[in-house]
Amino acid sequence: MNRYRTHTCNELREKNVGNNIILSGWINKKRDHGNLLFIDLRDNYGVTQCIIDQENSKFSQLEKIQLETVIKIQGTVLKRSNETINKDIETGEIEVSIKSFEILGTCKELPMPVFSDQEYAEEIRLKYRYLDLRRKKIHENIILRSRVISFIREEMSKLGFLEFQTPILTSSSPEGARDFLVPSRLNPGKFYALPQAPQQFKQLIMVSGFDKYFQIAPCFRDEDARADRSPGEFYQLDLEMSFVEQEDIFNVVEKLLVNTFKKFSNKKLISEKFPKISYLDALLKYGTDKPDLRNPLIINDITNIFTRDDVKFEIFKKLVKSGSKVRCIVAKNTKDKPRSFFDNIDKWAKDQGASGLAYFTIDKDVTAKGPVGKFFSKEALTEIMKITDAGVGDSIFFACGKKEYVEKITSLARDKIANDLNLIDESLFAFCWIVDYPMFEKNEDTKKIEFSHNPFSMPQGELDKIDFEKPLEIFAYQYDIVCNGVELSSGAIRNHIPELMYKLFSIAGYNKQDVDNRFSGMINALSYGAPPHGGIAPGIDRIVMLLANEKNIREVTMFPMNQNAQDLMMNAPSNVDEKQLKELSLSLKLKK
RNA sequence: GGGGGUGUAGCUCAGUUGGUUAGAGCGAUCGCCUGUCACGCGAUAGGUCGAGGGUUCGAGUCCCUUCACUCCCGCCA
């Protein structure tokens with residue numbers, strides 16, 4: 001028998017009545033009736049009500065004790081009378097009559113209550129994270145995270161994947177996000193970088209002949225935070241397979257995610273086979289490459305309508321002539337919505353930095369009601385209704401501008417309108433694949449051709465038939481998984497052919513020398529017999545966030561940093577001694 | 001780097017058009033209470049109203065500057 005406990009705080013039941021037991025835990029709550037004191041004792045597993053009265057010599061001592069003090073209780077299990085059973089806790093049929101107790105850990109006055117459903121400012125939650133983590137909801141989120149990761153490990157092992165660790169101190173990668181750098185003492189003036197992902201290593205693992213690899217891999221990117229993006233570090237289920245085509249990866253990951261989401265959530269999956277949407281289609285229909293498919297609204301292009309003579313909307317017509325696009329969203333059955341519904345959306349659009357959203361409602365006899373309705377002839381309206389599948393009683397919102405601008409504002413408007421009309425079913429998970437990413441894109445500022453995603457991806461099509469003169473028309477075997485509008489992972493079939501790699505990099509402006517310098521490990525390896533291979537890397541934090549039904553990634557992260565990438569509990573980052581800097585051959589030159 | 005929101009007691013918040021001594025609940029301290037499970041009742045302590053400057057007879061409230069937190073844009077192969 002352990003000196004601290006015979007049972008956990010969620011173990012005692014009616015069958016234990018009469019037992020002498022020992023419990024240890026935190027004082028969750030006290031209810032002091034003067035001559036009778038109830039103490040809810042809490043541990044990781046649950047809560048047990050303990051009771052003591054003034055007959056006991058320890059009574060007055062226990063009456064004074066602070067909440068969240070850690071104590072050990074010795075006592076006997078009593079059956080509660082019918083009226084006093086608490087159905088809300090699993091140990092609610094019994095209580096423990098305290099015979100003696102011992103303080104194991106004292107507690108100062110709390111900076112924030114633990115037993116409370118209130119929301120607290122994140123500043124205080126992060127500073128006292130160990131107190132915050134005692135609270136039920138986040139405590140359970142973190143346990144969920146652990147279970148999800150264990151489950152994924154088991155599934156991956158069953159599928160024949162081997163788990164390997166890859167280096168944390170590695171070299172800076174020239175593409176992508178900003179690196180975290182670590183100065184090297186033994187190599188003055190040189191720096192390691194923390195890996196943004198084990199991208200090159202996992203490919204090298206394939207070249208080394210291991211066939212199927214996975215890792216719950218820490219990834220480090222020095223970019224600004226968002227609600228679904230921790231600053232600094234996050235975790236991916238990194239995986240890679242040899243001798244596979246795109247479909248092989250899809251089959252493995254689809255099955256894994258379906259099993260995981262079915263096991264850990266009661267929400268329904270819209271489809272266990274994830275629909276595939278091409279990148280270009282996604283941008284047209286949803287305005288984004290991470291569409292929320294729970295949202296039934298679809299964006300349509302009606303640019304051509306504004307070249308008709310019987311459309312008099314001159315501002316848009318002029319913009320269209322100079323290359324702008326017009327895209328629209330149909331909101332069904334909104335004829336009777338109050339004016340405020342429309343004004344509200346227009347105001348919202350202006351808050352987003354747009355010039356506003358034009359709209360009209362289609363009334364009977366195909367007439368357009370609304371501020372800009374008068375600019376459209378009956379024939380033009382009929383054409384719009386044909387393109388957009390709109391009917392009488394529906395409203396059409398539309399925006400005009402350069403392609404990227406229209407995509408962005410219609411994408412946001414699609415979310416906004418669906419939310420306002422309550423069209424999103426929160427009890428669903430809607431997965432999809434986004435496929436067929438362009439290999440290159442043109443940087444509109446520099447007019448240069450750049451890799452649009454991962455430079456190591458395999459271009460699509462027969463290799464001897466690819467037209468390298470038209471780089472913007474080359475697509476890659478590159479794919480993302482999106483769930484409920486959250487980008488969960490991206491992956492690719494890799495380019496394992498060195499000559500092809502040089503060719504593609506040359507299009508993006510890197511000569512052979514550049515490639516050899518920057519990716520020496522990779523490019524060398526590929527020239528000694530590399531298998532065709534590919535992989536993907538689902539984000540663990542975001543998966544758990546969806547499963548826990550949280551909107552913020554910090555709710556499923558044990559010790560997150562704040563938005564300014566500071567750890568308020570550990571005081572990181574911090575100053576270092578002059579001696580440490582000197583050892584690293586560094587001196588500081590701070591901006592004022 | 002830019003835009004929005006927030007900042008009042010240890011915690012969560014209220015505070016009217018600028019007007020007396022800035023309030024409530026929880027927590028803390030003290031007292032009362034033997035069946036509560038958000039126990040109840042009474043009392044006490046606790047405030048640089050984020051900071052600085054300005055307007056005014058008078059500022060938590062209006063103006064300017066600044067800081068912190070947060071959400072978003074940029075950024076995130």
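The structure presented is a predicted model; accordingly, all values stated were derived computationally and were not measured. In what follows, chains are A, B, ... by sequence order, proteins preceding strands, each numbered from 1.
Partner assigned to B/U21 is none, using Watson-Crick or G-U wobble distances below 3.5 angstrom. The nucleotide B/A28 finds its pairing partner in B/U44, both defining distances of the Watson-Crick or G-U wobble pair being shorter than 3.5 Å. Using the Watson-Crick or G-U wobble rule with both distances under 3.5 Å, B/C69 pairs with B/G5. Base pairing of B/U61 is not made with any nucleotide, judged by Watson-Crick or G-U wobble geometry with both donor-acceptor distances under 3.5 Å. Summarising the base pairing, B/U56 is matched to no nucleotide, lacking a Watson-Crick or G-U wobble pair whose two defining distances lie under 3.5 Å.
One P atom belongs to B/A9, the other to B/G25, and the distance between them is 16 Å to the nearest Å. To the nearest whole angstrom, the two P atoms, one in B/G15 and one in B/G52, are 24 Å apart. Between B/U70 and B/C26, the distance separating the two C1' atoms is 24 Å to the nearest Å. With both ends at atom C1', the span from B/U56 to B/G19 equals 12 Å, rounded to whole Å. With both ends at atom P, the span from B/G4 to B/G42 equals 46 Å, rounded to whole Å. Between B/U16 and B/A22, the two P atoms lie 15 Å apart (nearest whole Å). Between B/G18 and B/G60, the distance separating the two P atoms is 13 Å to the nearest Å. Using atom C1' as the reference point in both B/U21 and B/A68, the two lie 31 Å apart (nearest Å).
In this structure, A/Lys58 is positioned above the aromatic face of A/Phe101, its NZ or CZ under 6.0 Å from the six-membered ring centre and within 45° of the axis. A cation-pi geometry, defined here as NZ or CZ lying under 6.0 Å from the six-membered ring centre and within 45° of its normal, holds between A/Lys512 and A/Tyr502.
If you measure from atom CD of A/Glu122 to atom P of B/A68, you get 17 Å, rounded to the nearest angstrom. For the pair A/Leu131 CG and B/G27 P, the interatomic distance rounds to 16 Å; values are reported in whole Å. In this structure, the CD atom of A/Glu68 is 18 Å from the P atom of B/C26, given to the nearest Å. In this structure, A/Leu126 places its CG atom 7 Å from P of B/U70, rounding to the nearest Å. Atoms CD (A/Glu404) and C1' (B/C73) sit 16 Å apart, rounded to a whole Å. Distance A/Ile65 CD1 to B/A28 P: 12 Å, rounded to the nearest Å. Taking atom CD on A/Gln563 and atom C1' on B/C67, their separation rounds to 15 Å, with Å as the unit. Going from atom NZ of A/Lys108 over to atom C1' of B/G27 covers 16 Å, rounded to whole Å.
No salt bridge links A/Lys79 with A/Glu93; every basic N to acidic carboxylate O contact stays at or beyond 4.0 Å. Salt bridge A/Glu240/A/Arg494: present, at least one basic N to carboxylate O contact under 4.0 Å. A salt bridge links A/Lys403 to A/Glu407: one of the charged nitrogens lies within less than 4.0 Å of a carboxylate oxygen. A salt bridge is defined here as a Lys NZ or Arg NE, NH1 or NH2 lying under 4.0 Å from an Asp or Glu carboxylate O, and A/Lys30 with A/Glu63 fails to meet this definition. Classification of A/Asp40 and A/Arg31 as a salt-bridged pair holds, one side-chain N sitting under 4.0 Å from a carboxylate O. A salt bridge links A/Arg294 to A/Glu426: at least one charged side-chain nitrogen sits closer than 4.0 Å to a carboxylate oxygen.
Side-chain atoms of A/Arg221 stay outside donor-acceptor range of the base of B/C76, with no qualifying N/O pair under 3.5 Å.
With no hydrogens or angles considered, no side-chain donor-acceptor pair links A/Tyr286 and A/Asn295 at under 3.5 Å. Side chain to side chain, A/Asn562 and A/Glu123 fail the donor-acceptor criterion of an N or O pair below 3.5 Å. A side-chain N or O of A/Asn141 and one of A/Glu550 form a donor-acceptor pair less than 3.5 Å apart.
Within 4.0 Å of A/Gln199, counting heavy atoms only, lies at least one base atom of the nucleic acid.
Within residues 548-557 of chain A, the residues that have a heavy atom under 4.0 Å from RNA chain B are, in order of number, A/Asn552, A/Arg554.
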| request: Begin with the C-alpha distance, continue with both residues' side-chain angles, and end with the deciding distance and a verdict on salt bridge (charged side-chain N to carboxylate O under 4.0 Å, His left out) for A/Glu90 and A/Arg13. | output: CA-CA 8 Å; A/Glu90 290 181 66; A/Arg13 298 290 184 274; 3.6 Å; yes
| task | Run the numbers on A/Lys408 and A/Glu404 for salt bridge (charged side-chain N to carboxylate O under 4.0 Å, His left out), then give the verdict. | result | CA-CA 6 Å; A/Lys408 192 162 162 208; A/Glu404 289 73 22; over 6 Å; no
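Taking for each of A/Leu568 and A/Ala197 the nucleotide of RNA chain B with the nearest heavy atom, the 5'-most of the two is the partner of A/Leu568.
Atom NZ of A/Lys276 has more than 12 neighbouring heavy atoms from other residues, nucleotides or ligands inside a 6.0 Å radius.
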| said: How would you summarise protein contacts on nucleotides 30-39 of chain B per nucleotide, using B for base, S for sugar-phosphate only and - for none, with heavy-atom distances below 4.0 Å? | reply: ---BBBBBSB
Taking only N/O atoms, report every protein-nucleotides 3-13 of chain B pair under 3.5 Å with atom names and distance.
residue: B/G10; atom: O2'; partner: A/Pro111; partner atom: O; Å: 3.0
residue: B/U12; atom: OP1; partner: A/Ala121; partner atom: N; Å: 3.1
residue: B/U12; atom: O4'; partner: A/Gln118; partner atom: OE1; Å: 3.0

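At the phosphate of B/C69, OP1 or OP2 sits under 4.0 Å from a side-chain N or O atom of A/Asn564.
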